[in-house]
Structure formats: C-alpha cells, structure tokens
Amino acid sequence: METEILDTNELIYKARQGDSDAFGKLYENYAQRIFKYVRIKIQDRQEAEDVLQEVFIKAYKGLNSLKLEDLNFNAWLYKVASNTINDRFRKKYRTPEILGIDDRFDISDGKSLEKEITIKSDMETARKAFEHLPPLYKQVLELRFIQDLSLDEVAKILNKSNLSIRLLQFRALKKAKLILQKKYGPNQQKI
C-alpha cells in the first residue's frame, strides 16, 4: 500500500509537469473502479462513460490543487466522481428526458428458470430494502460493500471520522435487517 501511494504521488507529480503518460497511468489504475461506482448510480452505460470522462477531466484540472502529503488519491477521486454524478443528476432533473416504452423484453434461455427467478427475487428484495435506507446509509454501504473500500477511504470521501463510518455502517445494516424482518418476518429473511 505504501509503495502504491508513493507511485501514485510520483505519477501525480509528473502529470502536474505535463507528462500525459503519467496521467494515462493514473487513469489506467483507477478508471475501472470509478466506472463501477458510477455505473451503480447511472444505469445507462453511455451516460456512465460520459460521467467517467468528466471525472477524469475534473481530476486532471484539479491535480495542481492537491497537497501530496497525507493525500488519499483514491478517496479524492471517488469524491470527484460523487460530485460529478450529483451534478449530472441536478442537470438532468432540470431538463427531464422523455422516453418511449420499449416493447422488447428479456426472454430466459430456459436452463433454470426457477433458479433465475429466485435470484432475481432475492436481488429485488435486497434492492427494495436498500431503497428504504436514508441516503447516507446507502452511500456508506455502497462504498464499503459494492466498491469494497476501506473504512478510512469511506471516511475521507464522506468527510467523517473512521468511528462515524463504522457506526453508520452498523446502523445501516441493522435498519436493512429490520426492513427485511418487517416484510418477511423475523425467521424468514430472504437474504
């Protein structure tokens, strides 16, 4: 981890000096993770790719303002991504897009329809429970379990202490469990 930070800081330093290969290396190191994060929030692949591009443009423009000592570039990049996503949604809600109804639908290949339905049902149940969580709980769970970030990284992204993140995570999981128990009873959790 220490050498990764040194390598990242070295790449940032070189990118600040105009080395496009160094910034390209930063992009290679982080683009896939950031895209995964963006894709969770934005379902349309093309739009998610546009947001990813915006994130790295903003990151490139913001490199000179970074203080390399005590920098967690990964957390900073997630914060840029989060802000870019929020900007995109604000813009989108100001000018809503009108969509037509798509007549095409997904047809199963028939291999294991029962298993597929069970998996989809469980995923839908988890998604519905997740939707009932407060936004901060959702964000903490997304960053911790979907993006697989450390407590320290999540704390940096959300400008909170490590202890606060652990408490938020605990409360979010407890609330999700209560939501599922209300729907399925205390002994019949679907997940």
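What you see below is based on every heavy atom in this structure, not just the backbone, and it leaves out hydrogens, waters and symmetry mates.
The line from NZ of Lys177 to CD1 of Ile179 is 13.0 Å long, rounded to the nearest 0.5 Å. Between the CD atom in Glu54 and the CD1 atom in Ile85 there is a gap of 10.0 Å [rounded to 0.5 Å]. Here Glu153 contributes atom CD and Asn72 contributes atom CG; the two are 5.0 Å apart, rounded to the nearest 0.5 Å. Here CZ of Arg45 is found 12.0 Å from CG of Asp50. Values are rounded to the nearest 0.5 Å. Considering CG of Asn83 and CD1 of Ile157, their distance stands at 10.5 Å, rounded to 0.5 Å. Note that OH of Tyr27 and OG of Ser20 are 14.5 Å apart. Values are rounded to the nearest 0.5 Å.
Judged by distance alone, with hydrogens and angles left aside, the side-chain atoms of Ser82 form no donor-acceptor pair with the main-chain N or O of Tyr78 at under 3.5 Å. Under the 3.5 Å distance criterion, the side-chain polar atoms of Arg16 are matched with a main-chain donor or acceptor of Leu63.
Side-chain contact check for Glu142 versus Lys41: some heavy-atom pair is nearer than 4.5 Å. Inter-residue side-chain proximity for Gln169 and Tyr137 is flagged as unmet; no heavy-atom pair is nearer than 4.5 Å. Considering only heavy atoms from C-beta on, Asn74 comes within 4.5 Å of Leu149 through its side chain. The shortest side-chain heavy-atom distance between Leu26 and Phe73 falls under the 4.5 Å cut-off. The side-chain heavy atoms of Ile42 and Phe89, taken from C-beta on, include a pair separated by under 4.5 Å. You'll find the side chain of Lys175 stays beyond 4.5 Å of the side chain of His132, heavy atoms only. In this structure, Arg144 and Leu151 have side chains that are in contact, with non-hydrogen atoms separated by less than 4.5 Å.
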Query raised in the report: After noting the C-alpha distance and the side-chain angles of Val154 and Gln139, does the key distance pass the side chain to side chain contact (heavy atoms under 4.5 Å, CB included) rule?
Result: CA-CA 9 Å; Val154 175; Gln139 194 168 23; over 6 Å; no
- Task: Test Asp87 against Lys58 for salt bridge (Lys or Arg N to Asp or Glu O under 4.0 Å), laying out the working first.
- Result: CA-CA 12 Å; Asp87 290 346; Lys58 287 179 181 180; 3.1 Å; yes
Derivation and outcome, side chain to side chain contact (heavy atoms under 4.5 Å, CB included), residues Glu49 and Phe35: CA-CA 7 Å; Glu49 288 172 356; Phe35 183 71; 3.7 Å; yes
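The environment of Tyr60 atom OH is sparse: at most 12 non-hydrogen atoms of other residues, nucleotides or ligands sit within 6.0 angstrom. Heavy atoms of other residues, nucleotides or ligands lying less than 6.0 angstrom from CD of Gln32 number 12 at most.
The shortest non-hydrogen separation linking Lys160 to Leu136 is CE-CD2, 3.8 Å. Of all the heavy atoms in Ala15 and Ala22, the pair that sits closest is N-CB, 3.8 Å. Of all heavy-atom pairs between Asn29 and Arg33, the closest is O-NH2, 3.0 Å. The shortest non-hydrogen separation linking Leu77 to Ala59 is CD1-CB, 3.7 Å.
Listed by chain and residue number, Asn162 satisfy the side chain to side chain donor-acceptor pair (under 3.5 Å) test with Arg166 (two or more places apart in sequence, or in another chain).
With ring centers used as reference points, Phe56 lies 6.0 Å or more from Tyr30.
Side-chain atoms of Asn159 and Lys79 form a donor-acceptor pair, as typed in the model, at a separation below 3.5 Å.
Following chains of ILVMFWY side-chain contacts shorter than 4.5 Å, one can reach Phe145 starting from Leu158, so the two form part of one hydrophobic cluster.
Ion pairing of Glu47 with Arg88 is present here, as a side-chain N (NZ or NE/NH1/NH2) and a carboxylate O approach within less than 4.0 Å.
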